[in-house]
Protein chains: 2
Amino acid sequence: MSCQEEFLAKLRERGFRLTPQREAVLTVLHDLEDHATAEEIQTCALQLNATVDIATVYRTLELLQAFGLLVMIDLGDGLRRYELTSVHGTHHHLRCRRCGALIRVETEQIEPFLTALEQELGFRAEAEHLLISGLCQACQALENCAPQPPGDDA
Amino acid sequence: MSCQEEFLAKLRERGFRLTPQREAVLTVLHDLEDHATAEEIQTCALQLNATVDIATVYRTLELLQAFGLLVMIDLGDGLRRYELTSVHGTHHHLRCRRCGALIRVETEQIEPFLTALEQELGFRAEAEHLLISGLCQACQALENCAPQPPGDDA
DNA sequence: ATGGGTGCAAAATGTTTGCACCTTT
DNA sequence: AAAGGTGCAAACATTTTGCACCCAT
């Protein structure tokens with residue numbers, strides 16, 4: 001069952017309505033290469049000739065999350081990003097603390113770890129999204145560069 | 001070297017100044033059992049007879065982060081929480097998607113995974129903080145309860 | 001004495017909510 | 001027709017920034 005169909009089914013199942021706005025948000029989430037913010041979703045919807053209010057975007061995202069079709073991820077910049085769980089394959093990110101690089105990691109590389117977690121702690125981890133902080137290869141050598149006070153631009 | 005000493009050293013090293021406010025924020029971060037929001041830090045500082053403006057709290061947190069002494073974590077509720085990397089032992093969290101329970105996981109349980117990551121991808125993961133979403137043992141059985149539309153309170 | 005740091009207040013962001021009107025069912 | 005959903009605008013919450021004054025060095 002495709003994501004659209006699943007959404008539709010869950011909506012009907014529960015008595016929610018299908019509206020053009022909800023369709024638009026879902027379509028945009030499908031088309032996007034990567035996770036998107038609420039504002040990006042609204043902008044993309046416009047390009048599809050669909051107008052959706054930002055409040056409606058948030059309300060739809062909330063609904064999709066409640067249905068388990070969407071996950072919210074935080075890359076640490078204060079913006080919430082959203083991504084359909086079933087599209088583009090679930091994946092994870094390594095973020096370099098120094099240069100900010102975002103490295104994509106596929107689920108398979110992390111699966112053994114999640115399995116161990118379930119066996120040891122009884123916690124069924126969902127391979128939704130992990131953000132792991134650290135230093136990328138290039139930045140490991142530059143680690144000792146600390147921030148300078150203002151005006152100390154020697 | 002204690003965290004305070006390390007902070008002091010890094011400040012001096014770079015020409016930054018040591019102020020009562022910065023000391024207060026650092027002390028509060030030490031005393032706190034768990035991660036805290038900027039507002040909680042400010043409130044705690046007051047109880048220590050130290051007055052710190054919220055803007056100063058943010059500026060100090062930024063500095064501590066730049067020095068690598070502090071990490072910001074996001075539990076998904078839109079609030080940023082901060083925690084000293086060297087206190088209370090670094091740890092991680094499993095968060096139940098359903099009941100919201102926060103389960104603490106010690107670093108040792110995750111270490112093998114981080115080591116593998118470095119060997120395979122050359123990415124030196126810092127065991128700062130991981131937030132892993134999923135279902136706790138109790139909620140796994142209740143998984144099929146989906147949200148209801150308004151007014152459908154049967 | 002210098003100039004980095006602080007407090008205060010305003011601004012900027014991002015998200016949520018109330019309400020009248022519109023649309024799906 | 002009925003009830004849920006949307007748009008608009010105001011309300012909120014959090015974080016950032018400008019600026020005059022203060023204080024650590």
Side-chain angles (χ1 to χ4, degrees), chain A residues 7-26 35-43 45-46 50-67 70 72-82 146-154, chain B residues 7-26 28 35-43 45-46 50-67 70 72-82 147-154:
Chain A
F7 185 39
L8 240 169
K10 294 216 179 190
L11 283 177
R12 277 204 267 263
E13 209 172 89
R14 297 282 161 186
F16 290 100
R17 294 177 185 174
L18 179 64
T19 65
Q21 290 87 344
R22 287 177 178 169
E23 273 190 287
V25 170
L26 196 59
H35 31 68
T37 62
E39 199 188 346
E40 284 167 354
I41 292 168
Q42 187 189 27
T43 303
L46 259 172
T51 308
V52 193
D53 189 78
I54 190 69
T56 300
V57 172
Y58 279 113
R59 287 186 280 230
T60 303
L61 291 173
E62 193 184 344
L63 198 56
L64 284 165
Q65 280 186 91
F67 283 143
L70 183 89
M72 190 206 87
I73 61 187
D74 187 300
L75 263 34
D77 59 357
L79 284 179
R80 296 179 182 177
R81 289 158 206 281
Y82 303 86
Q148 308 293 327
D152 191 10
D153 50 356
Chain B
F7 186 40
L8 240 170
K10 294 216 177 190
L11 283 177
R12 275 202 269 263
E13 210 171 88
R14 298 282 160 185
F16 290 101
R17 294 179 184 173
L18 177 65
T19 65
Q21 288 88 344
R22 288 178 176 168
E23 274 191 286
V25 170
L26 196 60
V28 168
H35 30 69
T37 62
E39 198 187 347
E40 285 167 355
I41 292 168
Q42 187 189 28
T43 303
L46 259 173
T51 307
V52 193
D53 189 76
I54 191 69
T56 300
V57 171
Y58 280 112
R59 288 186 279 231
T60 303
L61 291 173
E62 193 185 343
L63 198 56
L64 284 165
Q65 281 187 89
F67 283 143
L70 183 89
M72 190 205 87
I73 62 187
D74 188 300
L75 264 33
D77 59 358
L79 284 179
R80 296 179 181 179
R81 290 159 205 280
Y82 303 86
Q148 308 293 325
D152 190 11
D153 51 355

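Sequence lines set the chain letters: A, B, ... in the order given, protein chains first and strands last, and positions in each chain run from 1. Keep in mind that what you see is a predicted model, and the values were worked out from it rather than measured.
- Between the CZ atom in B/R12 and the NZ atom in B/K10 there is a gap of 14.5 Å [rounded to 0.5 Å].
- When rounded to the nearest whole Å, the span between CG of A/L11 and P of C/dT25 equals 9 Å.
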Worked check of side-chain contact (heavy atoms from CB on, under 4.5 Å) between A/I41 and A/T60:
CA-CA 11 Å; A/I41 292 168; A/T60 303; over 6 Å; no
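- The nucleotide whose nearest atom lies closest to any side-chain atom of A/T56 is, among C/dG4, D/dT14, D/dG7, D/dG7.
- Checked by atom type and distance alone, the side chain of A/Q42 pairs as donor or acceptor with a backbone atom of A/V52 at under 3.5 Å.
- Atom pair A/R59:CZ and D/dC8:C1' shows a separation of 10 Å (rounding to whole Å applied).
- The side chain of A/T19 places an N or O atom within less than 4.0 Å of a non-bridging phosphate oxygen (OP1 or OP2) of D/dT6.
- The phosphate of D/dG7 has OP1 or OP2 within less than 4.0 Å of a side-chain N or O from A/Q21.
- If you check every strand for non-hydrogen atoms under 4.0 Å, B/T51 touches sugar and phosphate atoms only.
- Between the CG atom of B/L18 and the P atom of D/dC23 there is a distance of 15 Å, rounded to whole Å.
- Atom CG in A/L63 sits roughly 14 Å away from atom P in D/dG4 (whole-Å rounding).
- For the pair B/R12 CZ and D/dA24 P, the computed distance is 14 Å after rounding to whole Å.
- Closest approach of B/T51 and B/Q21 over heavy atoms only: O-CG, 4.0 Å.
- For B/R14 and C/dG4, the CZ to P distance is 16 Å, given to the nearest whole Å.
- In the interface, the side chain of A/R17 is paired with the base of D/dG4 through a donor and an acceptor atom under 3.5 Å apart.
- Of the candidate nucleotides C/dG5, C/dT24, C/dA9, C/dT24 has the atom nearest to the side chain of A/P20.
- We find that CD1 of B/I54 is positioned 13 Å from P of C/dT6, with the value rounded to whole Å.
- Summary of the strand contacts: B/D53 and B/L8 both lie near DNA chain D, and taking for each the nucleotide with the nearest heavy atom, the more 5' one is attributed to B/D53.
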Stepwise side-chain contact (heavy atoms from CB on, under 4.5 Å) check, A/L61 with A/R80:
CA-CA 11 Å; A/L61 291 173; A/R80 296 179 182 177; over 6 Å; no
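- Taking atom CZ of B/R22 as the reference point, atom P of C/dG7 lies 11 Å away to the nearest angstrom.
- Side-chain proximity of A/R80 to C/dT6, C/dT15, D/dC8: nearest is C/dT15.
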